[in-house]
Visitor: 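What follows is a single structure, and I will ask about it in a moment.
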Amino acid sequence: GEDVEQSLFLSVREGDSSVINCTYTDSSSTYLYWYKQEPGAGLQLLTYIFSNMDMKQDQRLTVLLNKKDKHLSLRIADTQTGDSAIYFCADTGNQFYFGTGTSLTVIP
Amino acid sequence: DVKVTQSSRYLVKRTGEKVFLECVQDMDHENMFWYRQDPGLGLRLIYFSYDVKMKEKGDIPEGYSVSREKKERFSLILESASTNQTSMYLCASSTLEGYGYTFGSGTRLTVV
């Protein structure tokens, strides 16, 4: 099966930018997604990028896709304490695979 | 507002019981999925379905079965629950092309 990899933990100070990285192996992906999961809750869709795009911006969120390196990143500008959560990238190629999640902690 | 609804938020069952987890979506999506989420392991795909009465095994189907008799409903069945099936179970749906991937709020199952 495919591997979707993320680092497990990230800590940033409130007001700084956060960058969460993801690498994947399936080159047939049509869409790549970012989800946010707050404690005890399900996964909330944050944003997605179509595989023929390099970048997508949505308010404080910027998604960068490097198809050659199979690398996806999520940048959160002006990170707030409410952004503390686990962030999952997901690759919807031939099947549907999620990374292990990156736990973002925002320090006031 | 489009939704994926899981019937129970919390469930406690005894070892050996047959357990049904229900999921309903109102988006007319073709694909439906069941995942389990465990600390440090992320989301692992149990089963998915791309059409009524169709099912495909995911990464960890052992000990589980599924049923999709109607397009909007996808059920996960634990034939004989065991303590190692204590987990958070998440249902999701999407179009056939993988667009609009939406999750339910999850069912936290505890098997005692």
Side-chain angles (χ1 to χ4, degrees), chain A residues 1-10 20-53 56 63 65 72 74 85-105, chain B residues 1-10 21 23-25 27 29-50 54-61 74 87-110:
Chain A
E2 172 172 21
D3 283 330
V4 180
E5 294 190 356
Q6 300 177 238
S7 52
L8 288 178
F9 302 101
L10 177 66
I20 302 171
N21 294 303
C22 173
T23 58
Y24 60 97
T25 57
D26 187 345
S27 60
S28 65
S29 306
T30 305
Y31 298 97
L32 295 118
Y33 294 84
W34 282 103
Y35 289 85
K36 177 183 180 182
Q37 186 180 35
E38 295 178 353
L43 273 71
Q44 169 199 353
L45 176 65
L46 273 183
T47 188
Y48 67 93
I49 188 166
F50 193 52
S51 58
N52 68 355
M53 297 169 66
K56 179 178 178 181
V63 180
L65 175 61
L72 181 73
L74 174 70
I86 302 176
Y87 291 81
F88 292 90
C89 64
D91 173 17
T92 60
N94 290 326
Q95 280 199 24
F96 302 82
Y97 290 96
F98 286 79
T100 51
T102 299
S103 178
L104 173 64
T105 301
Chain B
D1 195 16
V2 294
K3 276 190 180 171
V4 176
T5 304
Q6 294 183 231
S7 54
S8 303
R9 193 68 192 271
Y10 299 96
L21 301 183
C23 177
V24 177
Q25 52 97 2
M27 293 165 283
H29 280 169
E30 291 82 9
N31 295 338
M32 295 188 76
F33 310 85
W34 276 106
Y35 293 86
R36 65 176 281 178
Q37 184 181 18
D38 301 288
L41 297 176
L43 277 77
R44 293 181 291 168
L45 181 64
I46 305 172
Y47 268 98
F48 68 100
S49 167
Y50 54 87
M54 305 301 287
K55 61 184 179 184
E56 295 284 343
K57 291 180 181 179
D59 297 321
I60 51 162
F74 193 36
S87 186
M88 168 73 95
Y89 289 87
L90 292 163
C91 174
S93 72
S94 77
T95 65
L96 203 59
E97 299 80 15
Y99 181 71
Y101 215 90
T102 305
F103 280 86
S105 54
T107 296
R108 184 164 292 283
L109 172 68
T110 303

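Each chain gets a letter, A, B and so on, in the order the sequences are listed, and its residues count up from 1. The basis for the numbers below is simple: all heavy atoms, side chains too, and nothing from hydrogens, waters or symmetry mates.
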Visitor: Rounded to the nearest 0.5 Å, how far apart are CD1 of I86(A) and CG of L43(B)?
Guide: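 If we round to the nearest 0.5 Å, I86(A):CD1 and L43(B):CG are 9.5 Å apart.
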Visitor: To the nearest 0.5 angstrom, please state how far the CZ atom of F88(A) sits from the CD atom of Q37(B).
Guide: 4.5 Å
Visitor: Please round to the nearest 0.5 Å and tell me the distance separating atom CG of L41(B) and atom OG1 of T100(A).
Guide: 9.0 Å
Visitor: For F50(A), does the CZ atom have more than 12 heavy-atom neighbours from other residues, nucleotides or ligands under 6.0 Å away?
Guide: yes
Visitor: Is E56(B) close to chain A through its backbone or its side chain, or both, or neither, when contacts mean heavy atoms under 4.5 Å?
Guide: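 E56(B) has no heavy atom closer than 4.5 Å to chain A.
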Visitor: Using non-hydrogen atoms only, which part of L43(A) is less than 4.5 Å away from chain B: side chain, backbone, both, or neither?
Guide: both
Visitor: Can you confirm whether or not the ring centre of Y33(A) sits under 6.0 Å from the ring centre of F103(B)?
Guide: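 Judged by ring-centre distance (under 6.0 Å), Y33(A) and F103(B) do not meet the cut-off.
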Visitor: Between R108(B) and chain A, which part of the residue has a heavy atom less than 4.5 Å away: side chain, backbone, both or neither?
Guide: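 Neither part.
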Visitor: Using non-hydrogen atoms only, which part of Q37(A) is less than 4.5 Å away from chain B: side chain, backbone, both, or neither?
Guide: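 Answer is side chain: those atoms of Q37(A) sit under 4.5 Å from chain B.
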